[in-house]
K.L.:
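Before we start, here is the structure in question, set down as structure tokens.
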Amino acid sequence: MKRAIILGSSAAAILAVAYLWPTFGASSMENGSTPRMMCIGGHCCCARRAHAETVAAIGGNERVTLDPDQFVGPARQAYQVAEKSPALLAQLHCYCGCDRVYGHQNLLDCYRGDHGSKCEICIGEALMAQQLSEQGSPVDQIRDAIRRNYAGGN
């Protein structure tokens, strides 16, 4: 009986590590950064830290996203949103699953590379965030609206 409990516990631990590895694992550890996990609600200290890091990068005039002129149509519009409002996107969770697959910590991460140009969910979330922000919605309301529209099974 003890052996079955130990084996079951070990299997559960291995599955938990395998599931969480993209979030805590290789991508964040290889570059020497501190592993972070974005809570689904985006309310945790990790979201604030990502936001602060983005603001610091902007202050240093570093390009935070790819150049929107590389893209066309809605993808270009989404990259323009990311370029214009990186601090907003850094506070939003992306619901396409890129957090598990690519280790993205927030919606802005989708626009640091070309992932945002190929994903309808990422594009839709960025454009929705822009529209709601321009209407004067606070970040919490934007976050809730995106969650309602895109969370699905994520």
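Keep in mind it's a predicted model, so treat the numbers as computed, not measured. Position 1 is the first residue of the sequence; numbering continues from there.
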K.L.:
Mind checking the NE2-CG spacing from H93 to D109? Nearest 0.5 Å is all I need.
P.N.:
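Rounded to the nearest 0.5 Å, the NE2-CG separation comes out at 11.0 Å.
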K.L.:
Looking at L107 and C122, what are the two nearest heavy atoms and their distance?
P.N.:
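L107 and C122 have their closest heavy atoms at CD1-O, 4.1 Å.
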K.L.:
Identify the heavy atoms of C96 and H115 that sit nearest to each other, and give their distance.
P.N.:
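Taking every non-hydrogen atom into account, SG-NE2, 3.4 Å.
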K.L.:
Where is the tightest heavy-atom contact between E125 and C94, given as atom of each residue plus distance?
P.N.:
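Reported closest heavy-atom pair: OE1-CA, 3.2 Å.
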K.L.:
Nearest 0.5 Å, please: how far is OH in Y95 from CD1 in I146?
P.N.:
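Answer for the CD1-OH pair, I146 versus Y95, is 8.0 Å.
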K.L.:
Rounded to the nearest 0.5 Å, how far apart are CD of Q80 and CZ of F71?
P.N.:
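Q80 atom CD to F71 atom CZ measures 11.0 Å (nearest 0.5 Å).
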K.L.:
Measure from the side-chain N and O atoms of R143 to the backbone N and O of L92, and report whether any donor-acceptor pair falls under 3.5 Å.
P.N.:
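Looks like no, no N/O pair under 3.5 Å.
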K.L.:
Rounded to the nearest 0.5 Å, how far apart are CD of E83 and CG of L89?
P.N.:
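The CG atom of L89 is 12.0 Å from CD of E83, to the nearest 0.5 Å.
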K.L.:
Keeping Q105 on the side-chain end and G103 on the backbone end, is there a donor-acceptor pair under 3.5 Å?
P.N.:
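Checked: pair present.
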K.L.:
Over all heavy atoms of both residues, which pair between L88 and S133 is shortest? Give the atoms and the distance, please.
P.N.:
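That would be CD2-CB, 3.8 Å.
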K.L.:
Do Q141 and D144 make a side-chain contact, defined as non-hydrogen atoms from C-beta onward lying under 4.5 Å apart?
P.N.:
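No; the side chains remain at least 4.5 Å from each other.
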K.L.:
Quick one: are R112 and V64 in side-chain contact, heavy atoms under 4.5 Å?
P.N.:
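Counting from C-beta outward, R112 and V64 do come under 4.5 Å.
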K.L.:
Strictly distance-based, threshold 3.5 Å: is any side-chain N or O of Q77 a donor or acceptor partner for the main-chain N or O of L127?
P.N.:
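Not at all, since once roles are kept as given, no pair shorter than 3.5 Å links the two residues.
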K.L.:
For Y150 and I121, work out which heavy atoms get closest and say how close.
P.N.:
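Answer, listing the atom of Y150 first, then I121: CD2-CG2, 3.8 Å.
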K.L.:
Is atom CD of E120 surrounded by more than 12 heavy atoms (other residues, nucleotides or ligands) closer than 6.0 Å?
P.N.:
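Counting neighbours around CD of E120, 12 or fewer heavy atoms of other residues, nucleotides or ligands fall under 6.0 Å, so no.
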K.L.:
Does any non-hydrogen side-chain atom of I123 lie less than 4.5 Å from one of Y111?
P.N.:
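The answer is yes, as the side chains (C-beta and beyond) meet within the 4.5 Å cut-off.
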K.L.:
Does some side-chain heavy atom of R76 sit less than 4.5 Å from a side-chain heavy atom of D69?
P.N.:
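In short, these two side chains touch, coming nearer than 4.5 Å.
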K.L.:
Do H104 and C110 make a side-chain contact, defined as non-hydrogen atoms from C-beta onward lying under 4.5 Å apart?
P.N.:
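In contact.
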K.L.:
Write down the atom of M128, the atom of N149, and the distance for their closest heavy-atom approach.
P.N.:
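The pair with the smallest heavy-atom distance is CE-ND2, 3.2 Å.
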